Amino acid sequence: MKEILIEIIRNAITEAKTAGEIETKELPPLYLEAPKKPEHGDFAVNIAMKMAQTEGKPPRKIAETIIKRITGHPIIDKAEIAGPGFINFFMSNEYWLKTLSEIETLGENYGKCSIGKGQKILLEYVSANPTGPLHIGHGRGAALGDSLSRILRAAGYDVATEFYINDAGSQVQNLALSVLLRCREIKGEEVEWSENLYKGEYVNDLAQEFLEKGGKIIVEQAGPYALNEILGWLRRDLEGFNVTFDKWFSEKSLYDSDKVQKAIDWLKQKALMYDKDGALWFRSTDFGDDKDRVVIRENGEPTYFASDIAYHHDKFQRGFNTLINIWGADHHGYIPRMKAVVQALGHDKESLKVLLVQMVSLLRNGQPVIMSKRSGEFITLKEVMDEVGADAAKYTFLTRRPDSQMDFDLEIVKSQSSENPVYYMQYAYARACNIERFAEEKNLTILPASKVNLGLLKLPEEIRIIKALTAYPEVVEGAALSFEPHRLTAYLQELAGHFHSYYRGNRVVTDDIPLSQARMVMIKGLKTVIGNALGLVGVSAPKSM
RNA sequence: GCGUCUGUAGCUCAGCUGGAUAGAGCAAUGGUCUUCGAAACCAUUGGCCGCAGGUUCGAAUCCUGCCAGACGCACCA
């Protein structure tokens with residue numbers, strides 16, 4: 001809808017140019033911004049200020065020559081010069097009301113766009129080691145990845161999501177050993193625990209169950225058993241968080257299908273590998289990394305980096321041109337070497353986007369809860385969700401920027417549970433549904449937008465709501481382009497606020513039938529947009545609470 | 001020591017490619033239910049945007065330096 005206005009302004013400048021009133025050849029980019037203050041209109045343009053230098057005239061003078069060629073459009077109430085040289089546009093209600101018909105025809109497609117052009121994106125997230133239950137930090141990554149996948153799909157990208165299972169390296173070996181040792185302990189044997197083994201409570205449980213099911217105390221049996229059990233937990237806990245993946249990608253499968261070796265050979269051919277000190281190294285410094293990295297160790301074992309190379313090679317070979325990885329911030333040192341791989345494989349380094357989620361410290365009453373897999377003293381994601389609810393937990397993550405570290409205080413989130421912001425938005429949705437129910441009870445005939453006199457919607461509160469509804473598609477687009485789901489929660493907060501405020505002051509269903517019908521169109525629009533937005537955040541939209 | 005991220009109201013955080021008098025929520029205080037759900041609304045209080053320079057018509061936003069915190073700097077992930 002904004003395009004109409006941009007076109008009008010552009011035409012005015014072109015006309016002024018032909019009339020010789022403007023000399024600048026290369027026009028600065030023209031975009032509309034939304035002023036914070038209502039006195040500054042609906043849209044503001046700063047082009048006159050941008051042109052001040054090349055024109056050699058004061059901004060306000062330039063604004064004047066543009067503005068005098070913008071008159072008589074039904075969608076513009078007025079355009080005026082303000083401040084240092086802004087041109088402020090006040091749009092007519094006619095302009096805004098178009099949105100309601102648009103929402104009605106598009107329904108759950110309202111807000112979707114095609115900027116993604118079907119581009120194939122592989123979004124990999126969580127990818128927690130299958131050596132223990134998920135914790136709160138994984139929850140943050142899961143919430144971000146899940147919402148981002150929904151947003152990118154809405155923006156027209158062809159998104160596939162994957163959980164990469166590290167089921168091949170030393171960590172799963174350690175897990176297997178841990179379970180074995182625990183089994184022996186249960187049998188009364190005295191064993192020695194080395195530093196890198198897992199001693200959590202869950203290891204005891206695994207060992208216990210393994211023995212009960214008649215498992216033999218050998219690595220070949222205990223290892224796969226433990227791995228399989230834990231993968232089941234991960235899947236179950238993520239589903240409980242309403243997070244699912246298109247594919248669970250096994251690291252081991254890369255070895256079984258020889259893809260690791262093939263990827264290494266490929267880089268060898270390009271002379272990007274060399275031997276030193278008995279190990280095989282990748283020349284990541286050729287692509288900006290601080291140092292070269294070992295791919296095959298002196299003892300012949302590949303590093304995790306080796307399979308990571310193969311995995312990303314495989315992603316590209318499957319036709320994805322943009323790879324997004326969501327990592328915990330403690331892995332940030334890994335980025336340069338992965339970017340190096342991407343370039344070595346012949347792709348632009350920008351085709352790999354790594355989004356970092358900062359650490360989450362779990363608190364209870366302001367006191368840190370010690371989190372360590374080794375010591376076994378930690379609270380799992382599942383326990384957190386059981387305590388505060390999946391929607392509340394997700395929302396809490398998605399109101400914050402991923403790159404700022406956060407405190408998650410169980411007592412605070414719990415004590416505010418009924419006032420948690422997520423309920424504010426869900427309540428707005430339920431409220432819209434409730435008004436619909438009430439209208440039906442009153443036998444109000446609900447008509448489509450085209451059959452209703454929408455001009456009756458002229459209260460400032462109504463126009464404010466409709467303006468917010470108009471902005472929704474841009475919010476989705478912005479969130480997609482910046483990979484920032486938290487823009488959706490911020491938007492929802494504002495929209496729900498307008499709605500609640502309106503509701504307290506005005507009745508929707510009254511004896512005034514035409515007015516009620518017009519307002520119902522708006523309520524349905526609200527319901528659609530709030531529902532769509534909640535869907536992109538990844539939380540539920542309840543019809544009643 | 002080097003690198004990445006962060007520093008905005010008492011607390012938790014927004015602030016979109018630089019824009020006009022920096023915004024929410026929570027907490028605090030005082031109001032609002034005979035009428036579509038009060039999980040809501042209205043009002044008040046609250047700020048040297050970490051500090052110091054620089055860039056320009058204009059800086060919370062960009063650049064430099066410093067201070068503070070988190071996380072990294074393996075042939076572990």
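In what follows, every chain begins at residue 1, and chains take the letters A, B, ... in the order their sequences are listed. None of the values given here were measured: they were computed from a predicted structure.
Nucleic acid contact for A430(A): none, since no nucleic acid atom lies under 4.0 Å from a heavy atom of the residue. Residue contacts shown for Q493(A) are limited to sugar-phosphate atoms, with no base heavy atom under 4.0 Å away. Residue H500(A) is in sugar-phosphate contact alone, with no base atom involved, counting any heavy-atom pair closer than 4.0 Å across all strands shown. Base contact: S544(A) has a heavy atom under 4.0 Å from a base atom. Contacts of N506(A) with the nucleic acid, taken as non-hydrogen atoms under 4.0 Å apart, include base atoms. Contacts of K291(A) with the nucleic acid, taken as non-hydrogen atoms under 4.0 Å apart, involve only primed sugar atoms and P, OP1 or OP2. A44(A) comes within 4.0 angstrom of a nucleotide base, judged by non-hydrogen atoms across all strands. Using a 4.0 Å heavy-atom distance criterion, N166(A) is classed as a sugar-phosphate-only contact. When heavy atoms are screened at a 4.0 angstrom cut-off, D407(A) is found touching the sugar-phosphate backbone but no base atom.
Side chain of S501(A), nearest nucleotide from G19(B), C75(B), C41(B): C41(B). The side chain of R507(A) lies closest to C36(B), out of G72(B), C36(B), C75(B). If you check A14(B), A70(B), G3(B) against the side chain of A490(A), the one that comes closest is A14(B). Here A70(B) is the nucleotide among C5(B), C36(B), A70(B) with the atom lying nearest to any side-chain atom of M359(A). Of all nucleotides listed (G15(B), C13(B), C42(B)), G15(B) comes nearest to the side chain of R401(A). With A40(B), C75(B), A14(B) as the choices, the nucleotide that has an atom nearest any side-chain atom of A279(A) turns out to be C75(B). Closest to the side chain of F438(A), from the set C36(B), C75(B), A39(B), is C36(B). Considering only side-chain atoms of N88(A), the nucleotide from G7(B), C76(B), A20(B) that sits closest is A20(B). Closest contact between the side chain of Q405(A) and the listed nucleotides G69(B), C75(B), G72(B) involves G69(B). Looking at the side chain of S404(A), the nearest of the listed nucleotides G69(B), A14(B), C75(B) is A14(B).
Once the 5.5 Å centre distance and the 30° plane angle are applied, the aromatic ring of Y427(A) is found not to be stacked with the base of A40(B). Remark: ring of H40(A) stacked against base of A20(B); centroid gap under 5.5 Å, plane tilt under 30°.
For the pair Y491(A) and A14(B), the criterion of a side-chain N or O lying under 4.0 Å from OP1 or OP2 is not met. Checking the phosphate oxygens (OP1, OP2) of C41(B), a side-chain nitrogen or oxygen of Y424(A) falls inside 4.0 Å.
Partner assigned to U17(B) is none, using Watson-Crick or G-U wobble distances below 3.5 angstrom. Across every strand in view, U32(B) sits in a pair with A40(B) that passes the Watson-Crick or G-U test at under 3.5 angstrom. U56(B) makes up no base pair with any nucleotide shown, lacking Watson-Crick or G-U wobble contacts both under 3.5 Å.
A salt bridge between E162(A) and K315(A) is absent, with no side-chain N of the basic residue lying under 4.0 Å from a carboxylate O of the acidic one.
Side-chain atoms of R504(A) come within donor-acceptor range of the base of A38(B), with a qualifying N/O pair under 3.5 Å. The base of A70(B) is not paired with the side chain of D403(A) by any donor and acceptor separated by under 3.5 Å. Between the side chain of D330(A) and the base of G72(B), no donor-acceptor pair of N or O atoms lies under 3.5 Å. On a pure distance criterion of 3.5 Å, no polar donor-acceptor pair joins the side chain of H331(A) and the base of G72(B).
Taking atom C1' in both G25(B) and C41(B), the straight-line distance is 15 Å, to the nearest Å. Between G47(B) and A39(B), the distance separating the two C1' atoms is 31 Å to the nearest Å. Using P as the reference atom, U17(B) and A60(B) are 15 Å apart when rounded to the nearest Å. Comparing the C1' positions of A28(B) and C71(B) gives an interatomic distance of 36 Å, to the nearest angstrom. U8(B) and C16(B): their P atoms are spaced 16 Å apart (whole Å). Across the P atoms, A59(B) and G53(B) are found 14 Å apart, a figure rounded to whole Å. C26(B) and G50(B) have their P atoms separated by 25 Å, given to the nearest Å. Rounded to a whole angstrom, the distance from the P atom of A9(B) to that of C48(B) is 8 Å.
Relative orientation of the F249(A) and Y164(A) rings is tilted, given thresholds of 30° and 60° on the angle between their planes.
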Under 3.5 Å, which donor-acceptor pairs do the side chains of residues 336-344 of chain A form with other protein atoms, sequence neighbours left out?
{"from": "K339(A)", "atom 1": "NZ", "to": "K349(A)", "atom 2": "O", "distance (Å)": "3.3"}
{"from": "K339(A)", "atom 1": "NZ", "to": "L352(A)", "atom 2": "O", "distance (Å)": "2.9"}
{"from": "Q343(A)", "atom 1": "NE2", "to": "K339(A)", "atom 2": "O", "distance (Å)": "3.2"}

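Listed by first and then second residue, the salt bridge (charged side-chain N to carboxylate O under 4.0 Å, His left out) pairs involving residues 299-313 of chain A amount to none (not counting sequence neighbours).
The six-membered or imidazole ring of F397(A) lies near that of F408(A), with a centre-to-centre distance under 6.0 Å.
With its glycosidic angle within 90° of 0, C33(B) is assigned syn.
If you find the closest nucleotide of RNA chain B to A82(A) and to N299(A), the one lying nearer the 5' end belongs to A82(A).
A distance of 10.5 Å separates NE2 in H312(A) from OG in S307(A), rounded to the nearest 0.5 Å.
There is no side-chain donor-acceptor pair under 3.5 Å between T131(A) and Q171(A). A donor-acceptor pair shorter than 3.5 Å can be found between the side chains of E462(A) and Y502(A).
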